[in-house]
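Worksheet: the structure to be examined is printed underneath.
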Amino acid sequence: MSVAVPRGGRLVRSLDRPGVLALGFGLLGLGYRLALILLTVPGSNSDEATFGLVALHIAQGRELPVFLYGQHYMGTVQSYLAAPLFLLFGAGWTTLRIPLLFLYAAFLYLAYRLTRRLYSPWLATFTVGILALGGERVVRDQITAVGGRPEVKPAVLGLLLIALALGQRRSRHRLWAFGLFGLVTGLCVWDDWLVLPYLAVAFGVLLVGCWRDLLGWAGVVLVAGFLLGVAPLVVDNLTAPAGQDSISVLRQVSEGEVPSTPGSTRLHGALLVGIPLAGGLCRPERCDAVEMSWGVFYLALLLAAGVLAVLGLVRAGRRSAATGPPDSGAVRAARIGYATQLALVLGAALTIAAYARSSLAGSAPLASARYLSILQISLPAVLWPLWLVARWSGRLAAGPLTRVAGVLASAVLALLVVLLFGTSAHLVGEIGTIRAEERQQRELARTLERAGVTAVYAEYWTCNRLVFVTRERVACAVLGENLRPGQDRYPAYPRRVRAAERPAFVFEAGTVADAAFQALRHRSGVPVGVTQVGRHRIYLPAAPLRPPG
């Protein structure tokens, strides 16, 4: 990463060429995402607004929630990170997203460090370049408050680097490192259970390199750190009413949201849609044939990377048997390095397998592919077989077949970059449309406030977004398409709406809910004023009008 350069009679650390280029790619990626954050791109929604409302309540000292409102299994780390900025600069989409930019910067840095240590400097640079690009799906998972994924990815890379340093005996403060490993693991378990496969393999690397240490004080410190990190989840679940603990809620969600789908449909959704979409190769609305083929190719590369890691472990074992104790340090370092490579492969494989078991993989792969975004952690492992073949083909002694294979590998790497550039350019082309939609949402909020409206009924994707934009000056209760009560994440808001004398109604024109309200309006005979704001209609009843149920 850096080299010692003589300057003025002393040695000064300076970045080498791969490090300089990686820094440039990283700064471009950060600048790109900062510009998007300032433009509120990707667009906001009610899920993200819920994280913002949690942060607002934390900043005001009203509540200290362990889980996201209405979602008793999603931690609120992102809200706690945003709360200080809300205190200093006020609540808004930009202040909600800025902490995620720092998490992305940490992810790039740690990905570079780990890739350079396990594979090669130039692959580390190429990995940063790939991660600097990003279409809608990728940057949404990186710079919007969507829960868990922006913070657990750098956390896992940090855990692997700690385990690698401990196993290779490069850490000078070993007990502190064990404690930090436990603390970060516990925080991840509280924050987002999607990362459990990667936590398991990271702990496996620690066991391979330090199992003897874990039998002593190191194990005690690690467990203490873990319990401290996971304490919010444990305490909340111990005091939760029956059926409201995290495991019960997750079981209800997984069993009750969507019907069961055939295994072949789930595999198609996971491999041919989920993997390329989560990797940023597809547009949000579809994946083409070339892009879908990346899913199969990804599995092949993952298998090749696993074979390379296992072969490395076998060679390290043979070398240990041949050289004996004098070379044990170098052998240990090699063994832990290959074990970490294997961990990246197994983490990705377990994550894909877990997703493929879900009915969502078959019924809604375009919407649920976000659950595979943590596969970015394993990107260096997936690229490594291609990188090796391309590098070998450049040697003078390479034969014709090797050169052909190298050309094909280089072509795949180039195609990957082209596809990522394409989805990034598509997002840039959509900025105008997204900005116009955000302006409509702000105008909707301003129109309601100018009319003196403080309580409304609306559908889910309008409600919490409206509450957050107005800083809770307007409360909102969710209605479904049949005007029955919908998914209200924070009970105080629907209580305010029900207590209001004449709440307004807000629906998108032409939707099922809008048609249902028109029927209710005609049955009741109550005069209703109508104001059109973009796609939305604001209905202001002249007398109290309540939805059925």
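Owing to the predicted nature of the structure, the values given are computational and were not obtained by experimental measurement. Computed over heavy atoms, backbone and side chain alike; hydrogens, waters and symmetry mates excluded.
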Return yes if a side-chain donor-acceptor contact under 3.5 Å exists between [X] and [Y], otherwise no.
{"X": "Tyr539", "Y": "Arg521", "value": "no"}
{"X": "His57", "Y": "Glu472", "value": "yes"}
{"X": "Glu63", "Y": "Tyr490", "value": "yes"}

Supply the atom-to-atom distance [X] [atom1] to [Y] [atom2], rounded to the nearest 0.5 angstrom.
{"X": "Phe107", "Y": "Gln142", "atom1": "CZ", "atom2": "CD", "result": "7.0 Å"}
{"X": "Leu277", "Y": "Glu291", "atom1": "CG", "atom2": "CD", "result": "9.5 Å"}
{"X": "Asn45", "Y": "Arg140", "atom1": "CG", "atom2": "CZ", "result": "5.5 Å"}
{"X": "Ile374", "Y": "Arg149", "atom1": "CD1", "atom2": "CZ", "result": "9.0 Å"}
{"X": "Glu437", "Y": "Glu430", "atom1": "CD", "atom2": "CD", "result": "12.0 Å"}
{"X": "Cys463", "Y": "Gln487", "atom1": "SG", "atom2": "CD", "result": "11.0 Å"}

Closest non-hydrogen atom pair between [X] and [Y], with its separation:
{"X": "Leu100", "Y": "Pro150", "answer": "CD2-CB, 4.1 Å"}
{"X": "Ala369", "Y": "Ala278", "answer": "O-CB, 3.5 Å"}
{"X": "Val497", "Y": "Ala455", "answer": "CA-CB, 3.9 Å"}
{"X": "Gly362", "Y": "Thr261", "answer": "CA-OG1, 3.9 Å"}
{"X": "Val54", "Y": "Pro65", "answer": "CG1-CG, 3.4 Å"}
{"X": "Leu427", "Y": "Gly135", "answer": "CD2-C, 3.9 Å"}

Donor-acceptor under 3.5 Å ([X] side chain, [Y] main chain):
{"X": "Glu48", "Y": "Val146", "answer": "no"}
{"X": "Ser424", "Y": "Gly134", "answer": "yes"}
{"X": "Ser46", "Y": "Arg465", "answer": "yes"}
{"X": "Thr423", "Y": "Gly280", "answer": "yes"}
{"X": "Arg266", "Y": "Ala356", "answer": "yes"}
{"X": "Ser373", "Y": "Asp141", "answer": "no"}
{"X": "Arg286", "Y": "Arg283", "answer": "no"}
{"X": "Arg97", "Y": "Leu34", "answer": "no"}
{"X": "Thr95", "Y": "Gly90", "answer": "yes"}
{"X": "Arg502", "Y": "Pro541", "answer": "yes"}

Should [X] and [Y] count as side-chain neighbours, where that means a heavy-atom distance under 4.5 Å?
{"X": "Tyr457", "Y": "Arg546", "value": "yes"}
{"X": "Tyr109", "Y": "Val128", "value": "no"}
{"X": "Tyr493", "Y": "Leu53", "value": "yes"}
{"X": "Thr462", "Y": "Leu444", "value": "yes"}
{"X": "Cys282", "Y": "Trp294", "value": "no"}
{"X": "Glu151", "Y": "Asp191", "value": "yes"}
{"X": "Leu448", "Y": "Thr470", "value": "no"}
{"X": "Ile143", "Y": "Tyr32", "value": "no"}

**Q.** Arg471 charged N/C atom sitting above Phe468 aromatic ring, 6.0 Å / 45°
**A.**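 Yes, a cation-pi geometry.
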
Q: Give a yes or no on this: more than 12 heavy atoms of other residues, nucleotides or ligands lie within 6.0 Å of atom CZ of Arg442.
A: yes

Q | CD (Glu285) with more than 12 external heavy atoms under 6.0 Å | A | yes

Q. Going through the checks in order, is the side chain to side chain contact (heavy atoms under 4.5 Å, CB included) test met by Ile275 and Val296?
A. CA-CA 9 Å; Ile275 291 176; Val296 177; over 6 Å; no

Q | Residues Asn237, Phe67; criterion side chain to side chain contact (heavy atoms under 4.5 Å, CB included); working and verdict | A | CA-CA 10 Å; Asn237 277 271; Phe67 295 110; 3.9 Å; yes

Q) When you look at Arg435 and Glu438, which way does the salt bridge (Lys or Arg N to Asp or Glu O under 4.0 Å) test go after all the steps? A) CA-CA 5 Å; Arg435 292 281 294 162; Glu438 289 294 317; over 6 Å; no

Q) Given Ile58 and Leu64, is the side chain to side chain contact (heavy atoms under 4.5 Å, CB included) satisfied, shown in steps? A) CA-CA 6 Å; Ile58 294 169; Leu64 297 173; 4.2 Å; yes

Q) Do Tyr460 and Asp47 pass the side-chain hydrogen bond (donor to acceptor under 3.5 Å, both in side chains) test, and can you show the C-alpha distance, the side-chain angles, and the key distance before you say yes or no? A) CA-CA 9 Å; Tyr460 176 81; Asp47 282 347; 2.3 Å; yes

